[in-house]
Amino acid sequence: MKQKKISGGLRKRGILKKDKKNLPLISIITVALNSKKFLQQSINSVLNQSYKNYELIIVDGQSTDGTLDIIKKNKSKIDYWISEKDNGFSDAVNKGIKLSRGSIISILNSDDIFYKHALRTAANYFNRYKYIDFLFGSVIKYKLLYGYRPWKIRWSFGFYSTHSIGFFIREKAQKKVGYYKTKYKYSPDYDLFYRMIVKHKLKGMATKKNEIFGKFRSGGVGSKLPFVDYLNETVRIRLDNGQNIFLVSIIFLLKYTRYLINKIFLIQ
């Protein structure tokens, strides 16, 4: 494994990288694979944060497009980076979790960006609401996504804002719920959230609507996935987590029917 640990960033600015009173250390995990086009913007959005007690971990899947040049250019500002082949997104995120030292963990995709006060807002919520295990911040995607509606999780993805940018979890809670499952290629976050909310009954909340954490870039890998493959995986996730097969079948039929109707109207 090629691994580089950089002693720089916050330490150079005189801030010790550990939890201090009202300054929890936030570990930011960025997964990259041939991410040259947008990675620098993503890194800049971390460096420009108004909250400075963070560590940036980049897990690269052995890129060949110049991504490593960007990582090396920013090496004094990155706390850890790895470049090696992996078994997909979940495997890469799990590596980042194992490397992290923070009491709060967040995910920032290599083509997404944080807004300036994202980390400060998240830290304030965890400081104020000691009982919460995780937090969902508002995010700009194809529209403003916000809120947390756990009662929807058994039948809809519309129960939270987004995974990258918007999701923050305490390290203790992450250990309790476990790692991302590599067998799921399209929606490992949904499986994690299901285990987190339904199985372990962890407590979470959302920020206010106008507390926007950042912007999710459209046109990424997730937007190009075959719908049927994506739908089939969500069915497997629901069944693996013990959902009633009759209910899952109804959900599948409704979603697939809507997909076909939309496809017919688009063709016309």
Side-chain angles (χ1 to χ4, degrees), residues 5-6 9-11 13 15-31 42-43 45-59 77-81 89-90 92-110 112-139 146-148 150 160-180 188-189 192-193 195-197 200-208 211-214 216:
K5 178 179 179 180
I6 303 298
L10 300 182
R11 290 191 179 99
R13 292 194 288 272
I15 300 177
L16 186 62
K17 286 196 169 181
K18 65 178 184 179
D19 276 13
K20 300 177 69 177
K21 185 177 181 181
N22 297 324
L23 287 174
L25 175 61
I26 300 177
S27 295
I28 304 163
I29 300 169
T30 294
V31 172
S42 181
I43 292 173
S45 77
V46 175
L47 302 181
N48 292 332
Q49 286 297 299
S50 59
Y51 183 88
K52 300 301 182 182
N53 202 28
Y54 64 79
E55 63 173 4
L56 176 58
I57 299 167
I58 297 183
V59 183
K77 302 159 189 175
I78 299 170
D79 297 276
Y80 300 87
W81 66 269
F89 176 82
S90 297
V93 172
N94 290 341
K95 291 178 183 180
I97 292 172
K98 292 171 185 177
L99 282 170
S100 64
R101 299 178 298 169
S103 60
I104 298 171
I105 296 172
S106 68
I107 309 295
L108 178 67
N109 287 343
S110 59
D112 298 337
I113 59 171
F114 279 135
Y115 287 171
K116 184 176 181 178
H117 301 299
L119 300 188
R120 181 175 298 280
T121 302
N124 287 341
Y125 269 87
F126 282 105
N127 283 333
R128 182 175 181 182
Y129 303 100
K130 301 293 186 182
Y131 64 88
I132 64 170
D133 299 299
F134 59 90
L135 177 73
F136 287 114
S138 300
V139 170
Y146 63 94
Y148 170 52
Y160 71 108
S161 54
T162 190
H163 183 228
S164 174
I165 309 168
F167 177 58
F168 288 70
I169 184 170
R170 292 191 195 272
E171 182 265 345
K172 292 180 180 179
Q174 181 72 68
K175 282 186 175 179
K176 185 174 183 179
V177 72
Y179 293 111
Y180 293 77
D189 53 331
L192 183 93
F193 293 161
R195 288 184 280 130
M196 181 177 74
I197 297 166
H200 294 284
K201 303 188 185 306
L202 301 185
K203 299 185 181 301
M205 67 184 303
T207 64
K208 296 177 182 177
E211 292 175 321
I212 304 173
F213 278 19
F216 184 97

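What you see is a predicted model; the values in this text were computed from it and never measured. Positions are given from 1 along the sequence.
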Give a yes or no answer on whether the side chain of S161 reaches the backbone of G137 with a donor-acceptor pair at less than 3.5 Å.
yes

Is N109 close to F89 at the side-chain level, that is, under 4.5 Å between some pair of heavy atoms?
yes

On the six-membered ring of Y179, is K98 placed so that its NZ or CZ lies under 6.0 angstrom from the centre and within 45° of the ring axis?
yes

Between D133 and K203 (side chain of the first, backbone of the second, donor and acceptor by atom type, cut-off under 3.5 Å), is there such a pair?
yes

Please evaluate residues E211 and S138 with respect to the criterion side-chain hydrogen bond (donor to acceptor under 3.5 Å, both in side chains), reporting the C-alpha separation (whole Å), side-chain torsions for both, the decisive distance (0.1 Å), and the verdict.
CA-CA 6 Å; E211 292 175 321; S138 300; over 6 Å; no

Which residues satisfy the side-chain hydrogen bond (donor to acceptor under 3.5 Å, both in side chains) test with S164, sequence neighbours excluded?
D112

What salt bridge (charged side-chain N to carboxylate O under 4.0 Å, His left out) pairs are there with at least one residue in residues 162-173, not counting sequence neighbours?
E171-K175

Is there a side-chain contact between K95 and Y80, using heavy atoms and a 4.5 Å cut-off?
no

Any heavy-atom pair between the side chains of N124 and Y51 that's under 4.5 Å?
no

Okay, side chain of Q49, backbone of L119: is any donor-acceptor separation there less than 3.5 Å?
yes

Can you find a pair of side-chain heavy atoms, one from F134 and one from V177, that are under 4.5 Å apart?
no

Is the OH atom of Y115 crowded by more than 12 outside heavy atoms at less than 6.0 Å?
yes

Give the ring-plane orientation class for F213 versus F168, where under 30° counts as parallel, over 60° as perpendicular and anything between as tilted.
perpendicular

